[in-house]
Protein chains: 2
Amino acid sequence: MTVTAPDRFDVVFAALSDPTRRSIVRRLADGEASVLELAEPFPISLPAISRHLKVLEHAGLISRGRDGQRRPCQLRPEPLVEIAAWAEHTRAAWEGRLDRLDAHLRRTADRTPSPPPLERP
Amino acid sequence: MTVTAPDRFDVVFAALSDPTRRSIVRRLADGEASVLELAEPFPISLPAISRHLKVLEHAGLISRGRDGQRRPCQLRPEPLVEIAAWAEHTRAAWEGRLDRLDAHLRRTADRTPSPPPLERP
DNA sequence: CAGATACTTCACAGTTTGGTTATTTAACAG
DNA sequence: CTGTTAAATAACCAAACTGTGAAGTATCTG
């Protein structure tokens, strides 16, 4: 049983690759907001915002409610946690490599005064 | 001076939005590899891999050396750290919100048996 | 009912992306 | 120099993405 969903990563990373959408996500971290409120800072049309929101929703990064004629958006942090874990896990695997561990030990374990970068003629 | 580069996030998230490229990144976490070695698991052409690698390089996720006629690729973990930090920071901001803190306290602090969702006729 | 407000959906245009095959460059092996 | 291997580049194509303005839907307001 996998802890992380199969391939929502595709759509989550894709969703976050757009600056407008990242900005919206950051905005929603401060609390829910309506579509118009979210659109306000951006110089693009409302339909464009609407589609950005659909992308974010499809990625599981937001959920939308209904409050009268407004459709308030809420951040859903789970995908953020998942991608952070993925990135961290990958970095950790990289850091755990023997060769790099080796290099790291060489740099830190003894106090040899940092071997000069082997100047070439 | 900013620690994180201005908008490499666009290109980093975009780079990671492709499953082939994520797979390559994971592979490189286990150590450097040549283009042919990286291409081996995938059913796509070598030029396609080459372009994937260019995308990853442009995102700062890999660097490439030269060893004879091979061009070994190496993972560069910095962007991974940056996006993990971004995601975590965003999640932390969300979690820090008063309303959610409030809700959280209501759920945990006292032991009221979860008020039924206010059924509507 | 007739607006007005808050969005969403539609139809279209320009750009980007991910793949292909064919060609080219670089380094090694005889 | 010749051939082979590793990889990059060029030219092209179909699909997906991001924007637009116009029209449609849903909810409040009078």
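Within every chain, numbering begins at 1; the chains are lettered A, B, ... in the order of the sequence lines, protein sequences first and strands thereafter.
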Q: Might you point out which heavy atoms bring A:Asp18 and A:Thr20 nearest each other, and give the distance in Å?
A: OD1-N, 2.8 Å
Q | For the student: nearest non-hydrogen atoms of A:Trp94 and B:Leu75, plus distance | A | NE1-O, 3.3 Å
Q. For every nucleotide of nucleotides 23-28 of chain C, 5' to 3': is a protein heavy atom under 4.0 Å from its base (B), only from its sugar-phosphate (S), or from neither (-)?
A. ---SBS
Q: State, yes or no, whether a side-chain contact exists between B:Arg8 and B:Glu82 at a heavy-atom distance under 4.5 Å.
A: yes
Q.
Applying salt bridge (charged side-chain N to carboxylate O under 4.0 Å, His left out), can you list everything that pairs with A:Glu37, at least two apart in sequence or on another chain?
A. none
Q: For the helix from C:dC1-D:dG30 to C:dG30-D:dC1, measure the angle between the helix axis at one end and the axis at the other, each built from five pairs, rounding to 10°.
A: 20°
Q: Calculate, to the nearest 0.5 Å, the distance between atoms OG1 and CG belonging to A:Thr90 and B:Leu61 respectively.
A: 10.0 Å
Q.
Taking side-chain contact (heavy atoms from CB on, under 4.5 Å) as the definition, give me every residue that meets it alongside A:Arg76, ordered by chain and number, with sequence neighbours left out.
A. A:Ser63, A:Glu78
Could you pull out all donor-acceptor pairs under 3.5 Å where a side-chain atom in residues 66-74 of chain A meets a protein atom, sequence neighbours excluded?
{"residue": "A:Arg66", "atom": "NH1", "partner": "A:Gly68", "partner atom": "O", "Å": "3.3"}
{"residue": "A:Arg71", "atom": "NH1", "partner": "A:Gln69", "partner atom": "O", "Å": "3.4"}

Q. With hydrophobic residues grouped by side-chain heavy-atom distances under 4.5 Å, do A:Val81 and A:Ile62 end up in a single group?
A. no
Q: Can you sort out which residues in residues 41-50 of chain A have a heavy atom within less than 4.0 Å of DNA chain C? Ascending by number, please.
A: A:Pro47, A:Ser50
Validation: residues 25-32 of chain B side-chain donor-acceptor distances under 3.5 Å, sequence neighbours left out:
{"residue": "B:Arg26", "atom": "NH1", "partner": "A:His89", "partner atom": "ND1", "Å": "3.4"}

Q: Indicate whether OP1 or OP2 belonging to C:dG19 is found under 4.0 Å from a side-chain N or O atom of B:His52.
A: yes
**Q.** Interatomic distance, B:Lys54 NZ vs C:dT16 P [rounded to whole Å]
**A.** 15 Å
Only pairs under 3.5 Å count here: list side-chain donor-acceptor contacts from residues 9-16 of chain A, not counting sequence neighbours, and write none if there are none.
{"residue": "A:Asp10", "atom": "OD1", "partner": "B:Arg22", "partner atom": "NH2", "Å": "2.6"}

Q. What are the 5'-most and 3'-most nucleotides of DNA chain D lying under 4.0 Å from any heavy atom of chain A?
A. D:dT18 to D:dC28
Q. Of the residues in residues 13-24 of chain B, which ones touch DNA chain C at a heavy-atom distance under 4.0 Å?
A. B:Asp18, B:Arg21
Would you tabulate the side-chain donor-acceptor contacts of residues 48-60 of chain B under 3.5 Å, counting partners in other chains and residues two or more places apart, or write 'none'?
{"residue": "B:His52", "atom": "ND1", "partner": "B:Arg21", "partner atom": "NH1", "Å": "3.1"}
{"residue": "B:Glu57", "atom": "OE1", "partner": "B:Arg64", "partner atom": "NH1", "Å": "2.8"}

Q.
Measuring to OP1 and OP2 of C:dT20, would you say a side-chain N or O of B:Arg51 lies under 4.0 angstrom away?
A. no
Q.
Checking A:Glu40 now: which residues fulfil salt bridge (charged side-chain N to carboxylate O under 4.0 Å, His left out) with it, not counting sequence neighbours?
A. none
